[in-house]
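One is the number of the first residue; the rest follow in order along the sequence.
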Amino acid sequence: MKKMMQLATVLGIGAGILGLSSVPASANSQYSAKRANSVRLVWRTSMKRHAYTATQGARYSKHLGIRYSNNDVTPTVTWYTDTHEKLYKKYQGHSTIYYHVKSADGTLQGWIWRGYLKPVPKSAASKATPAYVKTEATQSQKITNFFPGVKTDNRLTKLVQDFVVANDDGENYQENWEFCVKNNGFSPKEAQQIHLISSMDGSVGGESLTNAYKAGRLTLKDYFSKIAMSEGAPIISKGDDYSRLVPVTYTQFKGWHIGVATVTPDDTRNLEIGYPIIYVALMPGK
């Protein structure tokens, strides 16, 4: 558990810095510590792709710390959603929903209060699927094939896909997981059966494996076997004691249900958690 959170923290800081440098600056971009400290994240999860425009309000970074631009500067841009989050406004005593949006070419992104977003007629909205969706689906299928005799489960797939987004900043690993499990309709009994195998490893050895994989010196299966399968598959809703983890094998899950989520280099969601990330959720078949 500590390894997972350490890596999430390290990658969150590094990727966050890189993310800021990739966002075009504007004349009215500014950081406000007061604004950032005035909100608390309640939940964050993925959402379907919808097209909007916005001419009021502003576009912010996560937690509203940085204001990238007022929306009247980009009145003709069509924004496409991929994530939404609920923020509690401490001093106002209520919660509000923000959507994470990107422009069609991917050069602009940020968080906009949903009340400022106006739907674009479906006939005018682009139907193109982002490239990362296809590549990550292909990689997820490759990983699924490592496990003989398993059955792809849409609920488990949605669960780990949501967890990628919810755990993006790595702040509350356990709480994020529990939220995703509950939000995807798993009963307490089912939650106690879900095993999560994660590629997140903040150790020196884990960093070496990640670098070797990125450099092409390890195949996908070799990488996942070394960094994840050798660490075991805990039922993370049972608690934080990971001292008794034992390695798992691909064949021991025959007959189980599986869901896989990955992050690949072409992912355009500006995830702070970085790449590569692989989450595999497994649950005994009925």
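Counting all heavy atoms, side chain and backbone alike, Leu218 lies closest to Tyr223 at CD1-CA, 4.2 Å. Annotation for Ile143 and Phe147: closest pair O-CD1, 3.4 Å, computed over non-hydrogen atoms. When all heavy atoms are compared, the tightest approach of Ala54 to Trp79 is N-CD1, 4.1 Å. Lys86 and Ser95 make their closest contact through CE-CB, 3.3 Å (heavy atoms, listed as atom of the first residue, atom of the second, distance). The minimum heavy-atom distance between Glu85 and His63, with the atom names listed, is OE2-N, 4.0 Å. Of all the heavy atoms in Asn70 and Ala58, the pair that sits closest is OD1-CB, 3.7 Å.
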Task: Val280 and Leu196: CA distance, side-chain angles, deciding distance, side-chain contact (heavy atoms from CB on, under 4.5 Å) verdict - done: CA-CA 6 Å; Val280 175; Leu196 177 69; 6.0 Å; no

Task: Stepwise side-chain contact (heavy atoms from CB on, under 4.5 Å) test for Tyr250 and Ser225 - done: CA-CA 9 Å; Tyr250 293 108; Ser225 298; 2.7 Å; yes

Task: Full working for salt bridge (Lys or Arg N to Asp or Glu O under 4.0 Å) between Lys48 and Asp82 - done: CA-CA 6 Å; Lys48 293 183 178 179; Asp82 56 21; over 6 Å; no

TODO: Just do the side-chain contact (heavy atoms from CB on, under 4.5 Å) check on Lys62 and Arg44 with the steps written out, would you?
DONE: CA-CA 10 Å; Lys62 193 181 302 180; Arg44 183 186 301 126; 3.1 Å; yes

Open item on the list: If you apply the rule ring-ring contact (aromatic ring centres under 6.0 Å, His included), what do you find for Trp177 with Phe163, and how did you get there?
Closed with: CA-CA 6 Å; Trp177 173 256; Phe163 189 48; 5.1 Å; yes

Open item on the list: Walk me through whether Thr55 and Asp72 qualify under side chain to side chain donor-acceptor pair (under 3.5 Å).
Closed with: CA-CA 4 Å; Thr55 57; Asp72 59 7; over 6 Å; no

TODO: Test Tyr68 against Ser61 for side-chain contact (heavy atoms from CB on, under 4.5 Å), laying out the working first.
DONE: CA-CA 7 Å; Tyr68 293 143; Ser61 64; 3.3 Å; yes

Task: side chain to side chain donor-acceptor pair (under 3.5 Å) between Glu136 and Thr262, intermediate numbers included - done: CA-CA 6 Å; Glu136 291 177 3; Thr262 70; 4.7 Å; no

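Partner of Ile278 under the side-chain contact (heavy atoms from CB on, under 4.5 Å) criterion, out of Val160, Val164, Val263, Leu220: Leu220 alone.
Using modelled atom types and a 3.5 Å distance limit, the side chains of Tyr88 and Thr96 yield no donor-acceptor pair.
Panel note: side chain Thr81, backbone Val101; no donor-acceptor pair is recorded below 3.5 Å. Looking only at distances, a side-chain donor or acceptor of Arg59 sits under 3.5 Å from a matching main-chain atom of Gln109. Between the Asp168 side chain and the Ile273 main chain, a donor and an acceptor come within less than 3.5 Å of each other. Side-chain atoms of Arg114 do not come within 3.5 Å of backbone N or O of Tyr98 as any donor-acceptor pair.
Two residues are said to be in side-chain contact when any heavy atoms from C-beta on lie closer than 4.5 Å; Val248 and Ile197 meet this criterion. For the pair Lys118/Tyr52, no side-chain contact is recorded, criterion being any heavy-atom separation below 4.5 Å from C-beta on. A heavy-atom distance below 4.5 Å is not found between the side chains of Met229 and Phe146. Looking at Thr83 and Val165, their side chains come closer than 4.5 Å, going by heavy atoms from C-beta outward. With contacts defined as side-chain heavy-atom distances shorter than 4.5 Å, the pair Ile194/Leu159 qualifies. A 4.5 Å side-chain heavy-atom check between Asn167 and Tyr279 finds at least one atom pair inside the cut-off. Contact annotation: the side chain of Trp256 never approaches that of Lys151 to less than 4.5 Å [non-hydrogen atoms, C-beta and beyond].
Other residues, nucleotides and ligands place more than 12 heavy atoms under 6.0 Å from the NZ atom of Lys214. The environment of NZ in Lys182 is sparse: at most 12 heavy-atom neighbours from other residues, nucleotides or ligands sit within 6.0 Å. Within 6.0 Å of the NZ atom in Lys226, the count of heavy atoms belonging to other residues, nucleotides or ligands does not exceed 12. When the shell of 6.0 Å around CD of Gln56 is examined, it contains 12 or fewer heavy atoms from other residues, nucleotides or ligands. Atom NZ of Lys221 has more than 12 heavy atoms from other residues, nucleotides or ligands within 6.0 Å.
In this view, Arg155 and Glu190 satisfy the salt bridge (Lys or Arg N to Asp or Glu O under 4.0 Å) rule, not counting sequence neighbours. A search for side-chain hydrogen bond (donor to acceptor under 3.5 Å, both in side chains) contacts involving Thr219 returns Asp222, not counting sequence neighbours. In terms of the side-chain hydrogen bond (donor to acceptor under 3.5 Å, both in side chains) criterion, residue partners of Ser103 (sequence neighbours excluded) are, by chain and number, Asp105.
One hydrophobic cluster holds both Leu117 and Ile97 under the rule that ILVMFWY side chains link at heavy-atom gaps under 4.5 Å. Hydrophobic clustering, with ILVMFWY side chains joined whenever heavy atoms are under 4.5 angstrom apart, groups Leu41 together with Trp43. The cluster map of Ile, Leu, Val, Met, Phe, Trp and Tyr, joined by side-chain heavy atoms under 4.5 Å apart, puts Val260 and Val133 in different clusters. No continuous path of ILVMFWY side-chain contacts below 4.5 Å connects Met47 to Tyr132, so the two sit in separate hydrophobic clusters.
To the nearest 0.5 angstrom, Leu156 atom CG is 12.0 Å from His195 atom NE2. To the nearest 0.5 Å, atoms CG (Asn37) and NZ (Lys90) are separated by 6.0 Å. Rounded to the nearest 0.5 angstrom, Leu282 CG and Gln252 CD are separated by 9.0 Å. Distance check: Thr264 OG1 to Tyr275 OH gives 8.5 Å after rounding to the nearest 0.5 Å. In this structure, CG in Asn176 is found 11.0 Å from CG in Asp162, a value given to the nearest 0.5 Å. To the nearest 0.5 Å, atoms CD1 (Ile227) and OG (Ser199) are separated by 6.0 Å.
Judged by the 6.0 Å and 45° rule, Arg49 forms a cation-pi pair with Tyr80. For the pair Lys142 and Phe224, the cation does not sit on the ring face, since its NZ or CZ is not both under 6.0 Å from the ring centre and inside 45° of the axis.
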